[in-house]
Amino acid sequence: MSIVERPYGLASLTETLMGSVVYPDHPSWDAAREAYNLTVDQRPAAVAFPADARDVQEIVRYAAANGLRVAPQRTGHNASPIESLEGVVLLKTDRLDEVRIDAAALRARVGAGVKWEKVVPQASELGLAALHGSTPDVSIAGYGLGGGLGWYGRKHGLFTNSITAIELVTADGQLRRVDADHEPELFWALRGGGGSFGVVTALEFRLFPIAELYAGALFFPWERSAEVLHAWRNWIRTVPDEVTSVGRILQFPPIDEVPEPMRGRPFVIVHAYSLGTEAEGVERLAALRALGPEIDTVRMVPPVELSEMHMDPPDPLPYVGEHLVLGALPAAAIDDVVAAAGPGSGSTLDSVEIRHVGGALGRGGEGHGALDRLPGEFVYFGVGLTADEAQDAATRRDLQQLLSGDTDVPPLKGWRREVVGEALLNQL
Ligand SMILES: Cc1cc2nc3c(=O)[nH]c(=O)nc-3n(C[C@H](O)[C@H](O)[C@H](O)COP(=O)(O)OP(=O)(O)OC[C@H]3O[C@@H](n4cnc5c(N)ncnc54)[C@H](O)[C@@H]3O)c2cc1C
């Protein structure tokens, strides 16, 4: 394709940037447009890789002048909600990769393309932690604009409310720095309102003095799903806000990347993250340990160790998932989860988890953003792979069984009544 054939005359954009623009006729086109979720086939007009905030301004102004739209993206972890990219410049933030940590001020500043994997280890070395989530592989900007639910959540709240300043380019091409004192309404809207108010170029956020915590997972045989999840449900009523935990059914695939004791096996798991001393952690977990886990990885660890504890897959995959925010978790809902995803269910889902939220996550606060709090006590997330048509159909069927009972497995009557929000979080 020659330059003149490119849609919207996009070639002229290339000349104005320090960074680069990739067009459909470029050999790296497929790599440039790939999203982490391989089910999403992104076909924008061009993919731009700005090198700095000035480049972002150029791209936004160029798009406005040429009737194009701009979609900011880093990993494409959350690419599925984006509709058609026709007439869109996909703006990839990969090169906005600055990281600065001011340990004394308990602050970090990052470019919009920085993923948690670049900040969590550095902060941990300094005896500090940020309110990251389960995977090191998402951008801090994408995670933070959507809310940000992580393992310190019940004590310290949503990540978005620990953001202290945001720099962005708005639709008029202006670069703005917003915080509690400058354009406070825009600062409010960005924190939980998602990426619709401009292209974020950098953000600053609080760090917490956490040198170590008592954290890990208790693995039990899948056959004990009902017993363990009921015990977990009873246990969470006894824990303070210092403890955030997850009850989960996980079916490990039979692949080499999974270590031997787990490879190809289904488990019921409790992930637990307890802030405070080892003695406090041991005491808090005693009731769960008394159940006799087959594998017990809970111990004192530095914050960096939390990065991999949820065992999220590092490489792009085709998958589909569903999430809900739940008001309560009646015992009947545990029975329903086990019936739909536990032993004998025939479920093919890789992971079905219930995160215990509440605590600081459920409390509003002065100075918070648009997502002031999570209006629920639990977050459900189910996910499965969709590598081929048969797997796609099975995954969708099994997710459906959990959510609506459209099939012969009973629906989650117990929790369906308690659902308080389906669209509050980004896709987990
Ligand atoms: C394996 C996995 C584990 C996860 N675990 C958690 C978790 O524990 N807790 C949690 O809260 N979430 C979790 N998430 C959800 C994740 O935080 C969101 O999908 C998040 O949006 C990913 O951000 P990203 O920038 O990497 O993704 P992208 O798909 O690149 O971006 C997502 C959206 O963020 C916005 N955005 C990104 N960058 C910018 C920018 N510079 N300016 C303006 N808007 C921007 C855009 O609207 C974009 O469409 C998980 C997701 C996955 C796939």
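Start at 1 and go down the list; that is how both ligands and their atoms are numbered. In what follows, every heavy atom counts, from backbone to side chain, and hydrogens, waters and symmetry copies are set aside. It should be emphasised that the depicted structure is a prediction, and the values quoted were computed from it without experimental measurement.
- For the side chain to side chain donor-acceptor pair (under 3.5 Å) test, residues two or more places apart in sequence or in another chain that qualify with Arg224 are Glu227.
- Checked by distance only, ligand 1 and Gln73 stay at 3.5 Å or farther apart across all their nitrogen or oxygen atoms.
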Hey, can you pull the donor-acceptor pairs under 3.5 Å for the side chains in residues 196-210, sequence neighbours left out?
{"unit_1": "Thr201", "atom_1": "OG1", "unit_2": "Glu167", "atom_2": "O", "d": "3.3"}
{"unit_1": "Glu204", "atom_1": "OE1", "unit_2": "Arg177", "atom_2": "NH2", "d": "3.0"}
{"unit_1": "Glu204", "atom_1": "OE2", "unit_2": "Arg109", "atom_2": "NH1", "d": "2.9"}
{"unit_1": "Glu204", "atom_1": "OE2", "unit_2": "Arg177", "atom_2": "NH1", "d": "2.9"}
{"unit_1": "Glu204", "atom_1": "OE2", "unit_2": "Arg177", "atom_2": "NH2", "d": "3.4"}

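- Of the candidates Gly195, Ala71, Gly133, Gly195 brings a heavy atom nearest to atom 44 (N) of ligand 1.
- Contacts between Tyr319 and ligand 1, counted as non-hydrogen atom pairs separated by less than 4.0 Å, involve the side chain only.
- Considering both main-chain and side-chain atoms, Asn78 comes within under 3.5 Å of ligand 1 through a nitrogen or oxygen pair.
- How far CZ of Arg191 is from CD1 of Ile163: 7.5 Å, rounded to the nearest 0.5 Å.
- Polar contact with ligand 1: absent for Thr93 (N/O pair, distance under 3.5 Å).
- Side chain of Gln251 to main chain of Ser347: a donor-acceptor pair is present (N/O by atom type, distance under 3.5 Å, no hydrogens or angles).
- Using a cut-off of 4.0 Å between Lys/Arg side-chain N and Asp/Glu carboxylate O, Asp241 and Lys155 are scored as not salt-bridged.
- Ring to ring, Phe220 and Trp232 are not that close: their centroids are 6.0 angstrom or more apart.
- Residue contact check: Ala79 has heavy atoms under 4.0 Å from atoms 29 (O) of ligand 1.
- Annotation for Gln174: atom CD counts as buried by contact number, over 12 foreign heavy atoms lying within 6.0 Å.
- Counting heavy atoms only, Asp312 comes closest to atom 1 (C) of ligand 1 of the residues Leu91, Asp312, Thr75.
- Between His356 and Phe378, the distance separating the two ring centers is shorter than 6.0 angstrom.
- Heavy atoms of Arg355 found under 4.0 angstrom from ligand 1 belong exclusively to the side chain.
- Between the choices Ala35, Pro72, Gly153, the shortest heavy-atom distance to atom 48 (C) of ligand 1 belongs to Pro72.
- Within the listing of ligand 1, atoms 11 (O) sit less than 4.0 angstrom from a heavy atom of Gly148.
- The residue among Leu131, Leu149, Asn37, Ile166 with a heavy atom at the shortest distance from atom 9 (N) of ligand 1 is Leu149.
- Using a 4.0 Å cut-off to heavy atoms of Ala112, the atoms of ligand 1 that qualify are 41 (N).
- With no hydrogens or angles considered, no side-chain donor-acceptor pair links Glu353 and His271 at under 3.5 Å.
- Note on Lys115 versus Asp137: salt bridge recorded, some NZ/NE/NH1/NH2 to OD/OE distance being below 4.0 Å.
- Using a 4.0 Å cutoff on heavy atoms, Gly146 does not count as a contact of ligand 1.
- Here the shortest heavy-atom distance to atom 43 (C) of ligand 1, taken over Ala141, Gly198, Gly150, belongs to Gly198.
- Polar contact with ligand 1: present for Ser139 (N/O pair, distance under 3.5 Å).
- By heavy-atom distance, the residue among Leu190, Leu90, Val199, Val138 lying nearest atom 22 (C) of ligand 1 is Val138.
- Only the side chain of Leu145 comes within 4.0 Å of ligand 1, counting heavy atoms alone; its backbone N, CA, C and O stay farther away.
- Residue contacts with ligand 1: Asp137 is placed with no nitrogen or oxygen under 3.5 Å of a nitrogen or oxygen of the ligand (distance criterion only).
- Asp52 and Arg95 are not joined by a salt bridge, as no carboxylate oxygen comes within less than 4.0 angstrom of a charged side-chain nitrogen.
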